[in-house]
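Note that ligands are numbered from 1 as they come in the structure, with each ligand's atoms numbered from 1 the same way. No hydrogens, no waters, no symmetry mates; every other heavy atom, side chains included, goes into these values.
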Amino acid sequence: MTKSTTLDTDRLSEGELLSRLEADLLPKHVAIIMDGNGRWAELRGLPRIAGHREGIKSVREVIALCLELGIHALTIYAFSQENWNRPAQEIDALMGLLEHYLATERSSLVQQGVRFRTIGRVTALPPSALHWVRTTEQETAHLDKLILTVALSYGGRSEIIDAVSQIARECQRGALRPEDIDETLFQNYLSTSDLPDPDLLIRTSGETRISNFLLWQLAYTELYFTPTLWPDFRRREALLALLEYQRRDRRFGRVFSAVSPQIGL
Ligand code: FPP
């Protein structure tokens with residue numbers, strides 16, 4: 001595994017950043033905590049929803065870059081279980097945005113070959129938002145250029161508890177024995193069972209927490225924190241994150257550096 005030397009990235013154009021990416025060192029699965037929409041809006045004297053709306057433009061750009069680079073999976077944290085505690089007005093506005101995004105852009109997702117799927121307790125969503133979620137999941141189910149997983153009403157601990165209780169029920173009815181339970185079996189009960197673990201987690205807005213996102217799956221993931229607010233996280237910022245990822249030594253607990261990012265996934 002070759003490593004890029006330190007780059008003075010500020011002086012480089014997007015094209016130059018792109019040309020420094022090494023195709024065989026790209027992550028296969030990128031996860032993102034899209035944070036800072038509210039602050040982006042407040043800094044401009046705008047309502048918080050304006051930040052969420054602008055954040056959708058960043059979602060579009062990151063999807064486009066994943067497609068361009070052949071990154072196969074993108075998982076984004078759009079609404080956590082804890083987000084239900086926000087003011088009703090903001091929740092309604094966010095659900096309205098989600099509906100609008102899906103209703104207007106699902107044909108573009110189909111055209112681009114993007115499979116849309118969700119993780120989380122989506123049945124908690126208002127019926128009209130759930131309708132568009134299900135419609136988009138169905139209409140894109142056959143596509144595989146990019147697997148776009150949107151975490152909605154998602155919590156990592158709940159996901160683990162759901163897996164544990166399902167395994168316990170299977171043990172109870174005799175379909176599984178406790179001694180059958182290992183990491184491989186356990187991960188088959190998670191909502192991401194058909195995806196490799198994320199290679200790279202990006203969190204924007206300067207916060208350096210995981211916030212109950214993909215707790216099991218992030219065990220060996222490279223973490224990238226940037227002060228950039230999500231609505232400002234566009235193509236250039238995404239390229240910088242990928243370049244930084246390529247400079248990391250992924251050892252998966254081993255002591256040597258020349259391991260493939262595949263090992264341990
Ligand atoms: C965090 O910023 C962001 C969210 C809670 C919502 C993210 C949603 C979108 C970008 C739009 C919907 C997504 C799709 C896929 C249509 P924050 O409000 O916590 O920001 P703050 O920390 O500055 O207050």
Asker: Would you say that more than 12 heavy atoms from the other residues, nucleotides or ligands in this model lie under 6.0 Å from the CD of Glu68, or not?
Answerer: yes
Asker: Is it true that the side chains of Ser211 and Arg203 contain a donor and an acceptor less than 3.5 Å apart?
Answerer: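 A pair is found: one side chain offers a donor N or O, the other an acceptor, under 3.5 Å apart.
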Asker: State whether a side-chain donor-acceptor pair under 3.5 Å links Gln217 with Glu159.
Answerer: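 Glu159 and Gln217 do have a side-chain donor-acceptor pair below 3.5 Å.
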Asker: What is the closest protein heavy atom to atom 20 (O) of ligand 1, and at what distance does it sit?
Answerer: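 I find the closest protein heavy atom is Gly38 N, 3.0 Å.
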Asker: As an exercise, identify every atom of ligand 1 less than 4.0 angstrom from a heavy atom of Tyr101.
Answerer: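 Here the atoms of ligand 1 in question are 16 (C).
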Asker: Just do the side chain to side chain donor-acceptor pair (under 3.5 Å) check on Trp84 and Ser153 with the steps written out, would you?
Answerer: CA-CA 8 Å; Trp84 290 115; Ser153 190; 2.9 Å; yes
Asker: Hydrogens and angles aside, do Asn37 and His52 bring a side-chain donor and acceptor to less than 3.5 Å of each other?
Answerer: yes
Asker: Please state which protein non-hydrogen atom is closest to atom 15 (C) of ligand 1 and give its distance, to 0.1 Å?
Answerer: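 For atom 15 (C) of ligand 1, the nearest protein heavy atom is Ile76 CD1, 3.9 Å.
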Asker: For ligand 1, find out whether one of its N or O atoms is nearer than 3.5 Å to an N or O atom of Asn83.
Answerer: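 In fact, backbone or side chain, Asn83 has no N or O that close.
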Asker: Write out the residue and atom name of the closest protein heavy atom to atom 10 (C) of ligand 1, then the distance separating them to 0.1 Å.
Answerer: Asn37 ND2, 3.5 Å
Asker: For a side chain to side chain donor-acceptor pair (under 3.5 Å) check, start with the C-alpha distance between Glu137 and Thr118, then their side-chain angles and the critical distance, and finish with the verdict.
Answerer: CA-CA 8 Å; Glu137 281 176 339; Thr118 55; 2.6 Å; yes
Asker: Check whether more than 12 heavy atoms from other residues, nucleotides or ligands sit under 6.0 Å from atom NE2 of His131, and answer yes or no.
Answerer: yes
Asker: Among all protein heavy atoms in this structure, tell me which lies nearest to atom 14 (C) of ligand 1, with the distance rounded to 0.1 Å.
Answerer: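 The protein heavy atom lying closest is Leu98 CD1, 4.4 Å.
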Asker: Just jot down the ligand 1 atoms closer than 4.0 angstrom to any heavy atom of Met34, in number order.
Answerer: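 Reading through ligand 1 atom by atom, the close ones are 1 (C), 2 (O), 3 (C), 7 (C), 10 (C).
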Asker: Counting only heavy atoms, tell me which of Arg86, Glu90, Arg39 gets closest to atom 19 (O) of ligand 1.
Answerer: Arg86
Asker: Do ligand 1 and Asp35 have nitrogen or oxygen atoms that lie under 3.5 Å from each other?
Answerer: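 The answer is yes, given that Asp35 and ligand 1 share an N or O pair closer than 3.5 Å.
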Asker: Which ligand 1 atoms does Arg48 reach within 4.0 Å, using its non-hydrogen atoms?
Answerer: 17 (P), 18 (O), 24 (O)
Asker: With a cut-off of 4.0 Å, which atoms of ligand 1 are near a heavy atom of Ile56?
Answerer: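 Answer for ligand 1: 11 (C), 16 (C).
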Asker: Determine whether the side chains of Tyr154 and Gln81 contain a donor N or O and an acceptor N or O closer than 3.5 Å.
Answerer: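 No, because no side-chain N or O of Tyr154 sits under 3.5 Å from a partner of the opposite role on Gln81.
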Asker: Considering only non-hydrogen protein atoms, determine which one is nearest to atom 4 (C) of ligand 1 and report residue, atom name and distance to 0.1 Å.
Answerer: His52 CE1, 3.9 Å
Asker: Classify the side-chain pair Thr135/Glu139 by whether it contains a donor and acceptor separated by less than 3.5 Å.
Answerer: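 Judged by distance alone, the side chains do not pair up.
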Asker: Identify, by atom number and element, the atoms of ligand 1 in contact range of Ala78, meaning under 4.0 Å from any of its heavy atoms.
Answerer: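 Going through ligand 1 atom by atom, the ones under 4.0 Å from Ala78 are 6 (C), 7 (C), 8 (C).
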Asker: Test your reading of the structure: does Val150 have an N or O sitting under 3.5 Å from an N or O of ligand 1?
Answerer: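 For ligand 1, there is no N or O atom that lies under 3.5 Å from one belonging to Val150.
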